[in-house]
Amino acid sequence: MKAMVLKEYNRFMEMVEVEKPTIGENDILIQVKACGICHTDLKIFRGEIPPPIVTLPHIPGHEVAGEVVEIGDKVTGIQKGDAGILYLYIACRNCEWCLSGHENLCPSLKRVGFELPGGYAQFVRVPSYAFCPFDRRLPFNEMAILPDAVATAYRAITTLADVKLGQKILIVGAGGLGIHGVQIAKLCGARVLVAEKKKKALDLAGQFGADFLIDAGKNPSDQIREITKGRGVDAVIEFVGSKETLSWSLPSLKKGGKLIVVGYAPGQPFPLDTMAMHYNEWEIKGARLSTKAELQQVIRLVEEKKLKPVVSKTFPFEKANDALQALQQEDTVGRLVLIF
Ligand SMILES: [Zn+2]
Ligand SMILES: [Zn+2]
């Protein structure tokens with residue numbers, strides 16, 4: 001099969017012929033129809049997610065949509081030709097975290113497109129457990145981005161921030177994840193503030209229902225204070241997670257508010273003002289992908305047209321390098337997707 005292989009960091013991937021995976025009795029083989037391109041793929045490309053997580057040569061791609069073409073002997077409930085997406089965290093399903101509904105935290109986790117070969121290839125092998133079917137009338141290129149760009153935002157806003165009707169929520173970063181965060185926070189009945197530097201991305205957030213658009217390059221603290229009449233927001237969903245954004249996003253919380261950290265900057269820790277934490281009883285939680293159950297809920301929301309996956313551009317599979325370059329450029333909004 002053909003695959004885009006990263007052989008050296010910061011060097012273009014090469015399209016090469018690699019062996020098509022053979023499946024075990026509990027596996028399925030997916031023919032990839034579309035694969036989302038995540039900012040994390042850029043981190044992988046630059047070598048910021050080194051071994052033992054990502055070892056070279058590597059096939060990236062963790063937002064996979066496709067069709068089942070082979071089924072292991074012990075697999076039940078899945079047919080050849082089924083359309084679906086992959087829950088990319090392959091967990092043990094037997095540890096304390098897996099058994100308490102936190103398989104996203106399983107210590108022996110292996111991830112499609114990280115420790116395991118990803119979807120920048122014609123075929124991907126996974127345990128059948130990873131397969132999440134969807135109504136095949138829906139487009140593969142939109143469904144591909146659900147496993148990370150949509151489901152991660154869904155977990156952060158519903159499960160972790162527990163956003164309630166009428167609350168004011170600040171979304172930091174209206175990129176591939178944030179634009180879905182806006183939609184989900186609106187579905188929860190929140191008033192949504194979005195802070196973003198890129199004008200195009202901010203405008204797009206407005207089109208998807210954001211109530212207040214804040215230019216993150218122009219003293220966002222003042223703008224947030226004015227909008228909330230000095231009270232602060234109930235929750236901040238940090239899709240950027242840099243020192244720079246955290247320096248104003250955390251203090252924009254009201255007393256007792258919650259900060260959910262989704263995005264991260266490797267090797268750049270943020271200094272915490274413990275006195276402010278004490279006086280304000282702020283809560284900080286990390287957010288990591290979603291559970292499979294949350295991904296299934298997201299699929300239903302998209303099938304019911306309550307949520308729209310935002311794909312701004314598609315690239316043919318063999319143009320994956322161009323797609324990664326486009327993602328690095330300032331004017332990219334929404335999610336980019338490779339199609340086959
Ligand atoms: Zn990702
Ligand atoms: Zn486990």
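Counting starts at 1 for both ligands and their atoms, following the listed order. These numbers come from a predicted model, not from an experiment.
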Task: Neighbouring protein N, O or S atoms of the Zn ion (ligand 2), below 2.8 Å - done: 4
Main-chain N/O of [Y] paired to [X] side chain as donor or acceptor, under 3.5 Å:
X	Y	value
E304	K306	no
N26	P127	no
N321	F12	no

TODO: Verify whether the ring centers belonging to F140 and F134 lie closer than 6.0 Å.
DONE: yes
TODO: Assert yes or no for the condition that the ring centre distance of H62 to F114 is strictly below 6.0 Å.
DONE: yes
- [ ] With side chain to side chain donor-acceptor pair (under 3.5 Å) as the test, would you mind laying out the steps for Q268 and S242 before giving the verdict?
- [x] CA-CA 8 Å; Q268 294 173 48; S242 70; over 6 Å; no
TODO: Output the atom name for the N/O/S atom of D148 with the smallest distance to the Zn ion (ligand 1).
DONE: OD2
Open item on the list: I'd like to know whether NZ of K199 has more than 12 heavy-atom contacts from other residues, nucleotides or ligands below 6.0 angstrom.
Closed with: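 At most 12 heavy atoms, drawn from other residues, nucleotides or ligands, come within 6.0 Å of this atom.
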Open item on the list: Closer than 2.8 Å to the Zn ion (ligand 1): does that hold for any N, O or S atom in H39?
Closed with: no
